Every structure is written in C-alpha cells, then in structure tokens.
Amino acid sequence: MNSLAGSRILIERIGLKNGMRLLDVGCGPGRLTVPFAKCVGQRGEVVALDIQEKMLQKLKERIKNNNLTNVRFLLGGAGLGKIQEENGFDRAILVTVLGEIPDKKIALKEIFKALKPGGILSITEVFPDPDFQRQNKVLRLAAGVGFTLDKKYGNIFAFTMNFVKPKIV
C-alpha cells in the first residue's frame with residue numbers, strides 16, 4: 001500500500017507544504033496523519049476526522065508519541081456537519097475512504113465548502129479495498145459538487161485523483 005498510497009508519495013502528489021492546513025477525512029489511526037502533520041509544521045495544521053472514536057484515540061497516542069501539537073481531532077463522519085469551517089483548508093484528502101461514506105454527495109459538498117478557492121481535494125482508491133470506487137464514479141461525484149479534475153495518477157486499480165475548487169465559485 002505504501003508504494004501506491006504512502007505518505008511520501010501523497011504529500012508530493014497534493015503539493016503539501018509547511019504552513020498549510022489539511023483536512024484528513026477518515027484518518028483512522030493516523031498512518032498518514034503523523035507524516036502530514038510533520039510536513040505542515042508548527043505554522044500549519046491537520047484536522048483529523050474519523051467516525052470511530054477508537055481510531056482517534058489511537059491517533060492521539062501517536063501524535064503524543066511524536067511530540068506534535070498541530071493536529072486537531074474531529075469525531076464524526078464526512079457529510080454529518082462536523083466540518084464547520086468555510087474556505088479554511090488548503091488541502092483535503094480521502095485515502096480509501098470515499099466508498100465508506102453513506103452520502104457521498106453531501107460529504108463532498110461539505111468538503112468543497114471547507115476548502116479555500118484553489119484548494120485541492122485528493123481522492124485515492126486502491127483495489128481490492130472492499131469499498132473501492134471506480135475512477136468514473138469518483139470523477140462524476142466530484143464534478144457534481146463543483147470540483148474540476150486537476151491531475152490523475154496511477155491506473156484503474158490504484159489511483160489518486162486531485163480535484164481543484166475553482167477560484168471563482
């Protein structure tokens with residue numbers, strides 16, 4: 001999985017830099033959250049969203065063990081109104097998460113609203129994830145809420161698609 005969706009490759013693909021704010025949707029126990037937080041540094045912030053309290057507890061322990069102070073935790077699912085900010089994030093990322101979200105359209109609308117104009121939503125899917133979403137479905141869902149496809153990496157079985165929130169909405 002690391003060669004397809006590891007932290008180093010994803011950081012590069014989304015252009016994550018020091019001082020940025022990242023929304024990590026479906027962060028789980030933090031396999032990616034910790035490297036993301038290190039990348040954005042103390043001037044940046046990662047908001048880690050997960051529907052499972054147990055996952056956030058594991059992540060909190062990892063954050064503590066890495067002496068990081070730039071991660072904020074949100075308990076809840078995408079599309080359930082937990083992301084209150086508007087135009088606040090430079091990047092949002094979903095890694096093998098989209099298929100687990102019951103109302104994908106509402107979740108993507110919420111993420112769209114949270115991103116700054118020109119911000120990037122990055123969606124990574126890897127087969128044989130049981131909730132794997134095909135490229136055409138991801139493209140249709142993202143375009144349906146206003147995102148524009150920016151870049152696509154990988155192949156039909158393992159891909160990352162980056163979408164941009166237009167600067168003028």
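Each residue takes its place number in the sequence, starting with 1. Everything quoted here is computed from the prediction, not taken from an experiment.
Around NZ of K113, the count of heavy atoms belonging to other residues, nucleotides or ligands within 6.0 Å does not exceed 12. Atom CD of Q42 sits in a crowded spot, with more than 12 heavy atoms from other residues, nucleotides or ligands closer than 6.0 Å.
For the residue pair P166 and T148, the shortest heavy atom distance occurs at CG-OG1, 4.1 Å. Shown here for I111 and A92, the closest heavy-atom pair between the two residues is CG2-CB, 3.6 Å. Residue L32 comes nearest to D24 through the heavy atom pair C-OD2, 4.5 Å, listed as atom of the first residue, atom of the second, then distance. Across N87 and P117, no two heavy atoms sit closer than the pair OD1-CD, 3.7 Å. A pairwise comparison of heavy atoms in R21 and D90 identifies N-OD2, 2.7 Å as the closest pair. Minimum interatomic distance between L139 and M161 (heavy atoms only, all atoms of both residues): CB-CE, 4.0 Å.
Its side chain within the 4.5 Å cluster rule, L80 clusters with I51 among the Ile, Leu, Val, Met, Phe, Trp and Tyr residues.
A donor-acceptor pair is defined here as one N or O able to donate and one able to accept, closer than 3.5 Å; such a pair exists between the side chain of N162 and the backbone of R13. Although no hydrogens or angles enter the test, the distance criterion places no donor-acceptor pair under 3.5 Å between the side chain of N66 and the main chain of L68. Checking side-chain atoms of D50 against main-chain N and O of L56 turns up no donor-acceptor pair under 3.5 Å. No donor-acceptor pair closer than 3.5 Å links the side chain of K165 to the backbone N or O of G119. Formation of a donor-acceptor pair under 3.5 Å by the Q133 side chain with backbone atoms of T124 is not found in this model. Judged by distance alone, with hydrogens and angles left aside, the side-chain atoms of R91 form a donor-acceptor pair with the main-chain N or O of I14 at under 3.5 Å.
Under the side-chain contact (heavy atoms from CB on, under 4.5 Å) test applied with K105, the options D103, L108, I101 reduce to a single match, D103.
Put simply, OG1 on T160 and CD1 on I123 are 10.0 Å apart, with the number rounded to the nearest 0.5 Å. Distance check, rounded to the nearest 0.5 Å: SG of C27 to CD1 of I93 gives 12.0 Å. Separation of atoms CD1 (I11) and CZ (F36) is listed at 6.0 Å; rounding is to 0.5 Å. The CZ atom of F147 lies 8.5 Å from the CZ atom of F163; values are rounded to the nearest 0.5 Å. Note: L23 CG to L74 CG = 8.0 Å, rounded to the nearest 0.5 Å. For the atom pair L75 CG and K82 NZ, the distance stands at 6.5 Å (nearest 0.5 Å).
Placement of I120 and L149 in two distinct hydrophobic clusters is found when ILVMFWY residues are connected by side-chain heavy-atom separations under 4.5 Å, directly or transitively. There is no path of hydrophobic side-chain contacts, each under 4.5 Å, that joins L22 to V164. Under a hydrophobic clustering in which Ile, Leu, Val, Met, Phe, Trp and Tyr are joined whenever their side-chain heavy atoms come within less than 4.5 Å, directly or via other members, L16 and I9 fall into the same cluster. Residues V97 and Y153 are members of separate hydrophobic clusters, defined by side-chain heavy-atom contacts under 4.5 angstrom among Ile, Leu, Val, Met, Phe, Trp and Tyr. M55 and L49 fall into different hydrophobic clusters, where Ile, Leu, Val, Met, Phe, Trp and Tyr are joined by side-chain heavy atoms under 4.5 Å apart, directly or via other members.
Note: F132 and F159 have perpendicular aromatic rings, judged against thresholds of 30 and 60 degrees for the angle between ring planes.
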Go through the steps for L121 and L115 under the test side-chain contact (heavy atoms from CB on, under 4.5 Å), then give the verdict. CA-CA 8 Å; L121 164 64; L115 277 170; 4.1 Å; yes
Under the side-chain contact (heavy atoms from CB on, under 4.5 Å) criterion, do I63 and F73 qualify, and how do the steps go? CA-CA 11 Å; I63 294 302; F73 308 93; 3.9 Å; yes
Should V138 and L98 be marked as a side-chain contact (heavy atoms from CB on, under 4.5 Å) after you check the CA-CA gap, both sets of side-chain angles, and the distance that decides it? CA-CA 8 Å; V138 173; L98 186 61; 3.9 Å; yes
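Residue pairs that meet the salt bridge (charged side-chain N to carboxylate O under 4.0 Å, His left out) test with at least one member in residues 133-153, sequence neighbours left out, do not exist here. Applying the salt bridge (charged side-chain N to carboxylate O under 4.0 Å, His left out) test to residues at least two apart or on different chains, the pairs with a partner in residues 56-72 are E45-R72, R72-E85.
Looking at heavy atoms from C-beta onward, T33 lies in side-chain contact with V71 at the 4.5 angstrom threshold.
Judged purely by distance below 3.5 Å, without hydrogens or angles, the side chains of E125 and T96 never pair a donor atom with an acceptor atom.
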